[in-house]
Amino acid sequence: MSTRTFALDGYGPRKRSAWNRLTARDSVVWRMDWVMLLSGAVLAIIGSLLVYSATRNRTELNQGDPHYFLVRHIISLIIGVALMGATVWLGHRRLRSAVPVLYGITVLLALAVLTPLGATINGSRAWLNLGGGFTVQPAEFIKITVILGMAMLLAAKVDAGDREHPDHRTVLHALGMAALPIVIILAMPDLGSVMVLVVIVLAVLLASGASNRWVIGLCLAGALGAVLVWALGLLDEYQINRFAAFANPALDPAGVGYNTNQARIAIGSGGLTGKGLFDGTQTTGQFVPEQQTDFVFTVAGEELGFVGGGLILVLLGVLIWRACRIARESTSLYSTIVASGVIAWFAFQAFENIGMTLGIMPVAGLPLPFVSYGGTSMFAVWIAVGLLQSIRTQKPIAA
């Protein structure tokens, strides 16, 4: 089509130029990892169906509206995707300069949870009550700011060309930055989020090229700390019960072992192809507690069977694989550390969530990324995807 004909159709040269910039091979849209985005979107869609199945008959929770949780879950997904787009537009490099402000905000929000503004759910005071039935879990956003903050500190001298690896003083500063929110979250107490943050810290140190002595020392310190916490009786009773049920599933099946036993029954009863979506007897009978959040995988296991549960695992695996490619191909240490922190977060949290429903991990109250109901979790994982996409789209174009 000639330029003259193009203009007569109502698309002048300026509009055509804008369209060309959007669709050109070096544009942000072209360079985004669409395999990752598609995997996350399909996981969220599957999650919407599972959340609806788990809550449509829960009249004591859905306020008499069977679509209550489904609508809120979809709204959270839309907001999450919008936040991802905003993150890509801002770019991980521009966000790097805003890390101190973001870190301070998330720490203040976490501290606010310990005030009368905090809300206690399932024995953990980890939510901030915003009124009108809305709550936010600051620990989810802290995962992001800890990754960005540690990456900023550990990569500063390396990316500037002053050093090949972070020195001991820099590592100590980064660990101190991560320690403050971890201590606050431990005081809530939210052991699940603490576990994820510890794994993130270890992954970030490994990716930064810091001395292995730091990683070994932190592992030993963590083991010693766990022993001391147990010996000094610092755990709440419900947390002790969770570990007891994990160590001995037959212990008090109607009490502390109820959740894990019912979860395994639900998953095991699904067989190869499941009982059919919305036809799970364990789900319909409301035998598994917190099935729309922490135990959402049991809905997949019962109603979609091994095939459906396996599909979720494959999609999570594809998403993490694409994230690993982004980390490997990144052009700065800062980008590599950020991507590695997100990978560790997604991989460990998914393993812990699915593992606790199968009885191979203790119950820790962590949502399944992209699948479980929960606005804050949905926002956080899509912001993390936005960081990964930003790293991919902002790398230099190969000649």
Side-chain angles (χ1 to χ4, degrees), residues 18-19 21-23 27-52 67-99 101-103 105-106 109 127-128 130-148 292-293 296 315-316 318-320 322-323 326 335 338-339 341-343 345-346 349-350 367-394:
W19 173 255
R21 287 198 301 271
L22 184 65
T23 58
S27 70
V28 171
V29 173
W30 180 273
R31 298 174 66 182
M32 289 178 71
D33 191 328
W34 288 98
V35 174
M36 174 186 290
L37 291 178
L38 182 62
S39 299
V42 174
L43 281 169
I45 292 171
I46 293 174
S48 299
L49 296 174
L50 300 181
V51 166
Y52 176 64
H67 300 95
Y68 176 80
F69 284 93
L70 174 62
V71 171
R72 291 167 71 98
H73 187 75
I74 293 175
I75 291 174
S76 296
L77 171 60
I78 294 171
I79 295 174
V81 172
L83 290 173
M84 180 207 68
T87 304
V88 175
W89 178 74
L90 288 171
H92 67 288
R93 294 171 183 167
R94 193 181 303 176
L95 285 172
R96 185 175 187 169
S97 60
V99 167
V101 175
L102 297 175
Y103 174 81
I105 292 173
T106 54
L109 288 174
W127 284 262
L128 194 61
L130 302 180
F134 292 96
T135 58
V136 63
Q137 191 174 8
E140 295 294 333
F141 295 132
I142 282 177
K143 296 170 187 175
I144 299 172
T145 55
V146 164
I147 292 173
L148 293 176
Q292 74 276 16
T293 53
V296 71
L315 291 169
L316 286 168
V318 169
L319 194 148
I320 293 170
R322 302 299 292 189
I326 291 173
S335 302
V338 171
V342 173
I343 292 166
W345 166 14
F346 286 0
Q349 188 160 319
L368 183 57
F370 302 94
V371 181
S372 292
Y373 174 81
T376 312
S377 174
M378 188 69 76
F379 302 160
V381 295
W382 281 107
I383 291 173
V385 169
L387 290 173
L388 293 172
Q389 296 290 353
S390 172
I391 293 170
R392 176 180 169 86
T393 56
Q394 292 187 13

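Numbers for residues simply follow the sequence, beginning at 1.
Going from atom OG1 of Thr393 over to atom CG of Asp33 covers 10.5 Å, rounded to the nearest 0.5 Å. Considering CD1 of Ile75 and CG of Leu70, their distance stands at 9.5 Å, rounded to 0.5 Å. We find the NE2-CD1 distance between His73 and Ile78 to be 11.0 Å, quoted to the nearest 0.5 Å. Atom CE of Met84 and atom CE of Met32 lie 4.5 Å apart (nearest 0.5 Å). Here the CD-CD1 distance, from Gln389 to Ile391, works out to 10.0 Å after rounding to the nearest 0.5 Å. Rounding to the nearest 0.5 Å gives a distance of 11.5 Å between OG1 of Thr145 and CD of Glu140.
Between Pro367 and Gln349 the shortest side-chain heavy-atom distance falls below 4.5 Å. Residues Leu315 and Leu319 have side chains not in contact (no heavy-atom distance under 4.5 Å, counting atoms from C-beta outward). Looking at Ser335 and His92, their side chains come closer than 4.5 Å, going by heavy atoms from C-beta outward. Val381 places a side-chain heavy atom less than 4.5 Å from the side chain of Trp345.
Taking the six-membered ring where the residue is Trp, Tyr52 and His67 present parallel rings, their angle staying beneath 30° rather than reaching 60°.
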Could you check Val371 against Leu316 for side chain to side chain contact (heavy atoms under 4.5 Å, CB included), going step by step and ending with a plain yes or no?
CA-CA 10 Å; Val371 181; Leu316 286 168; 5.8 Å; no
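Val296 and Ser372 make their closest contact through CG1-OG, 3.3 Å (heavy atoms, listed as atom of the first residue, atom of the second, distance). Scanning both residues, Leu109 and Pro138, for their nearest heavy atoms gives O-CG, 3.6 Å. What you find for Gly386 and Val88 is that their closest heavy atoms are O-CG2, 3.6 Å.
With respect to Val338, the side chain to side chain contact (heavy atoms under 4.5 Å, CB included) criterion is satisfied by exactly one of Ile144, Leu387, Leu388, Ile326: Leu387. Paired with Phe379 under the rule side chain to side chain contact (heavy atoms under 4.5 Å, CB included), one option of Leu77, Leu83, Val136, Val81 passes, and it is Leu83.
Taking the ring centre of Trp34 as origin, the terminal cationic atom of Arg322 falls outside the region bounded by 6.0 Å and 45° from the ring axis.
Judged by distance alone, with hydrogens and angles left aside, the side-chain atoms of Ser377 form no donor-acceptor pair with the main-chain N or O of Tyr373 at under 3.5 Å. The main-chain N or O of Val35 is found under 3.5 Å from a side-chain atom of Ser39 such that the two form a donor-acceptor pair.
A distance below 6.0 Å separates the ring centres of Phe346 and Phe370.
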